[in-house]
> 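Pasting in a structure now, in structure tokens, and then I'll have a few things to ask.
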2 protein chains.
Amino acid sequence: MHGSRRVKIVDVAAAAGVSVTTVSHVISGRRPVSAATRARVEDAVRRLGYQADPSARGLRTQRTDTIGLVVPDITNPFNTELAAGIQAIAYARGLLTVVCEAPITGGPRLPAVLGQLTARRLDGIVLGRFGAQRADLDLIAASGTRLVRLGTRIADGPGDVVRGAETEGMRELVRYLAGEHGYRRIGFIGGETGVEPGGERYEGYRQALAEAGRTVPEDLTVWTGFTREGGRAGAARLLDAAEPPDAVVCANDLIAIGALDVARQRGVHVPGRLAVTGYDDIDAASMVSPALTTVVNPAREIGRSAARLLIDRLDGDDGPAREIVLTHQVVRRASA
Amino acid sequence: MHGSRRVKIVDVAAAAGVSVTTVSHVISGRRPVSAATRARVEDAVRRLGYQADPSARGLRTQRTDTIGLVVPDITNPFNTELAAGIQAIAYARGLLTVVCEAPITGGPRLPAVLGQLTARRLDGIVLGRFGAQRADLDLIAASGTRLVRLGTRIADGPGDVVRGAETEGMRELVRYLAGEHGYRRIGFIGGETGVEPGGERYEGYRQALAEAGRTVPEDLTVWTGFTREGGRAGAARLLDAAEPPDAVVCANDLIAIGALDVARQRGVHVPGRLAVTGYDDIDAASMVSPALTTVVNPAREIGRSAARLLIDRLDGDDGPAREIVLTHQVVRRASA
DNA sequence: CTGAAAGCGCTTACAG
DNA sequence: CTGAAAGCGCTTACAG
């Protein structure tokens, strides 16, 4: 049932009439080989369909040619785009990418997942937004696995960083609400407290209000979860306030979509009586109605940059830690 | 422990005062070990933080403990759910899952991706919906990699199959439109012709009309692409027909969402003047308004079943090829 | 119940 | 420009 005997490097050597040393070098290109010999070896490789055994190679080289992406939610469209960006770059380099989920609550927790991945001796790990413990990060770094963190600050731990300019993006969005549009009571619905990108985005909201000479209306700030459910709960709370908001800034699009649900259900017109904004610009942002005013989070490009950074490191770049910041872009649609 | 020397099995053996053979057997549980010895070894493993090198193990066992999922579009929510289902089962078994994209058009093509994966000696592959060549499939099977195909028929190639009851699901949906609801002119917007799951779903539509003693209104059938854009183009065509439809059945949710766009833009009330239905029940289906009436495609459950099937095979099940069919479920919301 | 040793299939110093 | 051989870190017959 299982195919014939796998062809190995000795078979190729025999077919080409050379040593396995030479076959190996033809394949890797790591030392000069005469044109004639090279041709014979390449021909044998092709004829026999030889593909080196990755376990044997990995045992020798101490490399797995595999990198990992760890995210809290594999079905979140932002993370999916991220994965697509990483894969595009990694695939071209012959690196395999494994995407692992470590939910914030429920399911295998982050330390357990990171443990699995270091056990697998991955060459590098891209760590999606997380409230990761410093100890977890140090464990990765200590294991020799290269690390790229997403959406946090370079000072927060080992490894390189790629992030969007989130504070700036949110500041511009809220500046637009508070200035041009003249909304007076602007509330905020965040995700889980302490989980990025909540802090960055809240900070942008705060700064924009401060610029406009206002303070954060504490009674209009709620922290829930980065989900549609969270948005529903948060919006319900805000609309029940003694003095309800005329605009609500949400920490991501899913929360905003939940807020839209509540507004529709209660007959609150958007944006007439309540403006609603999101963050990320996931596909659904333009599918709901009214379509969401939001900020583009360049997920795919973040993924590409992270993969390039990782590959540089694997190629021996041992320079100081780097931080790559990608620009934001506000998208005005119908909801605000 | 600055990424210095990795601890290996000899270190554990030395620390526990036993042979590496015994350490290996304590870990694998493949032969009896006295309780006292076992305790000492387990203690040493814990103290030293030992994790077996997967390359070394793989070289010996000829296993990679890794499975692959290949899909045409990694950002499609259906495929994401599929991946989540597979991973949940695989992770619990200590199997790593790699998700690879092989676009129908553009990007690395299917044979190239399958080549990469067989080179990696994956233990098993789950192949998402595809117009895969028989030769590609035979290549996988011949390499000893176990194969599960999704959404096709068992007779179409080697390996096992998992699929939803799509013809049945669509038949029930259209039966509901044509019977209970009394829609008279029911149009159909399909994706690319010849690409699954288009055929299955069209067939269900056709059967339901036949049951109701009607024929397919040829002027109300259009084939575009499985995207929101495709839905817009298709709906525009149908609404421009000499005798427009009062209901339009779409081959998936994205198409239906595009149809909703066109209806809104033209001021055609849904479902009052035009009913719209989708298929898959992706997250966005309940986010748009009116919320989509659609059919649940149990993506996550399909993933779970595929992973279980694969694991059975890896555990030595050499029985005849199996086909698992999962039931459908119509979800009635506001759009029809 | 336990251990010594072969060998999985590569890559890479070392040698010519 | 090329080859013989060591060795990467495990698992598993084989032996006691």
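Protein chains get the first letters and strands the later ones, always in sequence-line order, with residue 1 at the start of each.
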> So, is A/Gln62 near the phosphate of C/dT11, with a side-chain N or O under 4.0 Å from OP1 or OP2?
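It does not, given that no N or O in the side chain of A/Gln62 lies less than 4.0 Å from OP1 or OP2 of C/dT11.
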> Does a nitrogen or oxygen in the side chain of A/Ser24 sit under 4.0 Å from OP1 or OP2 of C/dT11?
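Yes, such a contact exists.
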> Between A/Ile27 (CD1) and C/dG9 (P), how many Å, whole number?
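Going from CD1 in A/Ile27 over to P in C/dG9 covers 15 Å.
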> Listed by chain and number, what are the side-chain hydrogen bond (donor to acceptor under 3.5 Å, both in side chains) partners of B/Thr61, not counting sequence neighbours?
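Partners of B/Thr61 by the side-chain hydrogen bond (donor to acceptor under 3.5 Å, both in side chains) criterion come out as none, since no residue qualifies.
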> Taking salt bridge (charged side-chain N to carboxylate O under 4.0 Å, His left out) as the cut-off, I'd like each qualifying pair that reaches into residues 74-86 of chain A, sequence neighbours left out, listed once.
A/Glu81-A/Arg300
> By the salt bridge (charged side-chain N to carboxylate O under 4.0 Å, His left out) test, which pairs, at least two apart or in different chains, include something from residues 83-94 of chain B?
B/Arg93-B/Asp315
> Between atom CD1 in A/Ile9 and atom P in D/dG7, what is the gap in whole Å?
19 Å
> Not counting sequence neighbours, which residues clear side-chain contact (heavy atoms from CB on, under 4.5 Å) with A/Ala321? List them please.
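Listed in chain order: A/Ile154, A/Asp160.
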> Rounded to the Å, how far apart are B/Arg121 CZ and C/dC10 P?
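Going from B/Arg121 (CZ) to C/dC10 (P), I get 7 Å.
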> Quick one: list whatever passes side-chain hydrogen bond (donor to acceptor under 3.5 Å, both in side chains) with B/Arg31, sequence neighbours left out.
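Once residues adjacent in sequence are excluded, the partners of B/Arg31 under the side-chain hydrogen bond (donor to acceptor under 3.5 Å, both in side chains) criterion are B/His25.
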> What are the residues of residues 49-60 of chain A, sorted by number, that bring a heavy atom to within less than 4.0 Å of DNA chain D?
A/Leu59, A/Arg60
> Under the rule for side-chain hydrogen bond (donor to acceptor under 3.5 Å, both in side chains), what residues qualify as partners of B/Arg120, not counting sequence neighbours?
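Once residues adjacent in sequence are excluded, the partners of B/Arg120 under the side-chain hydrogen bond (donor to acceptor under 3.5 Å, both in side chains) criterion are A/Thr66.
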> Using Watson-Crick or G-U wobble pairs with both distances under 3.5 Å, give me DNA chain C in dot-bracket, 5' to 3', with [ ] for crossers and | for pairs to another strand.
|||.||||||||.|||
> Go through the structure and list residues passing side-chain hydrogen bond (donor to acceptor under 3.5 Å, both in side chains) with A/Thr145, not counting sequence neighbours.
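Expected list: A/Ser143.
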> Output side-chain donor-acceptor pairs under 3.5 Å for residues 44-59 of chain A, partner residues at least two apart or in another chain, one line each.
unit_1: A/Arg47; atom_1: NH1; unit_2: A/Asp43; atom_2: OD2; d: 2.8
unit_1: A/Asp53; atom_1: OD1; unit_2: A/Ser55; atom_2: N; d: 2.7
unit_1: A/Asp53; atom_1: OD1; unit_2: A/Ala56; atom_2: N; d: 3.1

> Dump the intermediate steps for salt bridge (Lys or Arg N to Asp or Glu O under 4.0 Å) on B/Asp138 and B/Arg134, then the final yes or no.
CA-CA 6 Å; B/Asp138 288 336; B/Arg134 180 64 192 250; 3.4 Å; yes
> I'd like to check the side-chain contact (heavy atoms from CB on, under 4.5 Å) partners of B/Leu326; sequence neighbours left out, ordered by chain and number.
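Scan of B/Leu326 (side-chain contact (heavy atoms from CB on, under 4.5 Å), adjacent residues dropped) gives B/Val162, B/Pro298, B/Glu301, B/Ile302, B/Ser305, B/Ile324.
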> Mind listing the N/O atom pairs, protein and nucleotides 1-3 of chain D, below 3.5 Å?
unit_1: D/dT2; atom_1: OP1; unit_2: A/Ser34; atom_2: OG; d: 3.1
unit_1: D/dT2; atom_1: OP1; unit_2: A/Thr37; atom_2: OG1; d: 2.5
unit_1: D/dT2; atom_1: OP2; unit_2: A/Ser34; atom_2: N; d: 3.0
unit_1: D/dT2; atom_1: O4; unit_2: A/Arg31; atom_2: NH1; d: 3.2
unit_1: D/dG3; atom_1: OP2; unit_2: A/Ser19; atom_2: N; d: 3.1
unit_1: D/dG3; atom_1: OP2; unit_2: A/Ser19; atom_2: OG; d: 3.1
unit_1: D/dG3; atom_1: OP2; unit_2: A/Thr22; atom_2: OG1; d: 2.7
unit_1: D/dG3; atom_1: N7; unit_2: A/Arg31; atom_2: NH2; d: 2.9
unit_1: D/dG3; atom_1: O6; unit_2: A/Arg31; atom_2: NH1; d: 2.6

> Before you tell me yes or no, could you show the steps for A/Thr37 and A/Ser34 under side-chain hydrogen bond (donor to acceptor under 3.5 Å, both in side chains), namely the whole-Å CA-CA distance, both residues' side-chain angles and the distance that decides it to 0.1 Å?
CA-CA 5 Å; A/Thr37 305; A/Ser34 77; 2.8 Å; yes
